[in-house]
Amino acid sequence: MKLEREIKTAFKISIPVMMGYSVLGFAFGLLLVSFEYPWYLAPLMSLFIYAGALQFVAINFFNAKAGFVDIAIASWFVNLRQSFYGLSLLKRFKKTGKLKPYLIFGLTDETYALLTTIKDDEQLKKKWYYFFLTAFNQFYWFTGATLGAIVGSNVEFNTAGLEFSLTALFVVLCIEQYKNLKNPIPFAIGTISSIIALAFVPSDKMLIVTISLALVLLFFFRQRLNDE
Amino acid sequence: MSSMELYIAIAIMALVNFLTRVFPFIFFAKRDLPQSLNFIEKFFPATIMTILVFYTLKDINFSLYPYGIKELAGIFFTAVLHLVLKNYLISIFLGTIFYMALVQYL
């Protein structure tokens, strides 16, 4: 097969996300049908929205019969952080041609994390490698959510704690980032911003507050960052 | 919500979600990222990766028993595994199993 190498590499890299997404997606599907919404909304939302936090929040919108304007504004805030992801991918995505819209659409926290951390193998056709990585991740989310919604509450396996695989993924990616950068300041900024936000902000607003704070600090330490 | 309203709500969320992701690509399609922002391209991934670790723990209450000890132990275990073995699949698998054991059996 022509793109065998790209598919294989993308699959291997995406396995940790498989563990996290299938479980979280499953939880989303379960939660959705527990409020008596039809099961097929789970695959529909995973296909067209494809944003973990937003899909969970969406269930609250449905329950509260929220107005469309409220939904639009709240969705924007929930996903605002993702606007910053693109900033560091402008160059990488430049030569991705027709695949670009899908690559941008599929830019979740985890996909972004893998794209920016894993070292590029020079032999790979980048754009196809990015495409398969993104598509595998969405497939896991889609399948998890659909199964969760169909299976309902007949789960036997005790999955408590399996969601930690996403924490573990980010821990490992942090270490890899450090190996690339060898500069502790961004990590210190991330840690301090997170702790401040965790202490003073409700958990549903934690991420956007943390990112804003971190950006301010990054600007503040710009000179020192560039000097090292 | 009626089923029509559900579909409209989903369409709105899909659109807004895509707009948040596509925004920088549209905004910087014609011009280059200003030099003053180039450091963001370089240092933001490391910062956000750190933040995401905390983000996954946002619903853990560190002021109540057991004070997030299990999560910290899981992170420590995962990090040590990764520093020693340098295989990220093994680190994540074993780290997760270690944490699941803590949550399910302690």
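All values below were derived from every heavy atom in this structure, side-chain atoms included, with hydrogens, water molecules and symmetry-related copies excluded. In what follows, every chain begins at residue 1, and chains take the letters A, B, ... in the order their sequences are listed.
In the model, A:Thr108 has a side-chain atom that pairs as donor or acceptor with a side-chain atom of A:Thr111 under 3.5 Å.
Heavy atoms closer than 4.5 Å to chain A are found in the side chain of B:Tyr7, but not in its backbone. Looking at B:Phe23, only its side chain comes within 4.5 Å of chain A, counting heavy atoms on both sides. Residue B:Leu52 touches chain A through both its backbone and its side chain, counting heavy-atom pairs closer than 4.5 Å. Both the backbone and the side chain of B:Ile10 come within contact range of chain A, with heavy atoms under 4.5 Å apart. The parts of B:Val22 that come within reach of chain A are both its backbone and its side chain, each placing non-hydrogen atoms under 4.5 angstrom from that chain.
In this structure, A:Thr134 and A:Phe105 have side chains that are not in contact, with every pair of non-hydrogen atoms separated by 4.5 Å or more.
Identified by a heavy-atom distance below 4.5 Å to chain A, the contributing residues of residues 63-76 of chain B are B:Glu71, B:Gly74, B:Ile75, in residue-number order.
Atom CG in A:Leu89 sits 7.0 Å away from atom OG1 in A:Thr116 (nearest 0.5 Å).
Note on residues 175-197 of chain A: pairs passing ring pair (Phe, Tyr, Trp, His ring centres under 6.0 Å), not counting sequence neighbours, are A:Tyr178-A:Phe187.
Residues passing the ring-ring contact (aromatic ring centres under 6.0 Å, His included) test with B:Phe18, sequence neighbours excluded: none. With sequence neighbours left out, the side-chain contact (heavy atoms from CB on, under 4.5 Å) criterion links A:Ser203 to B:Lys58, B:Asp59.
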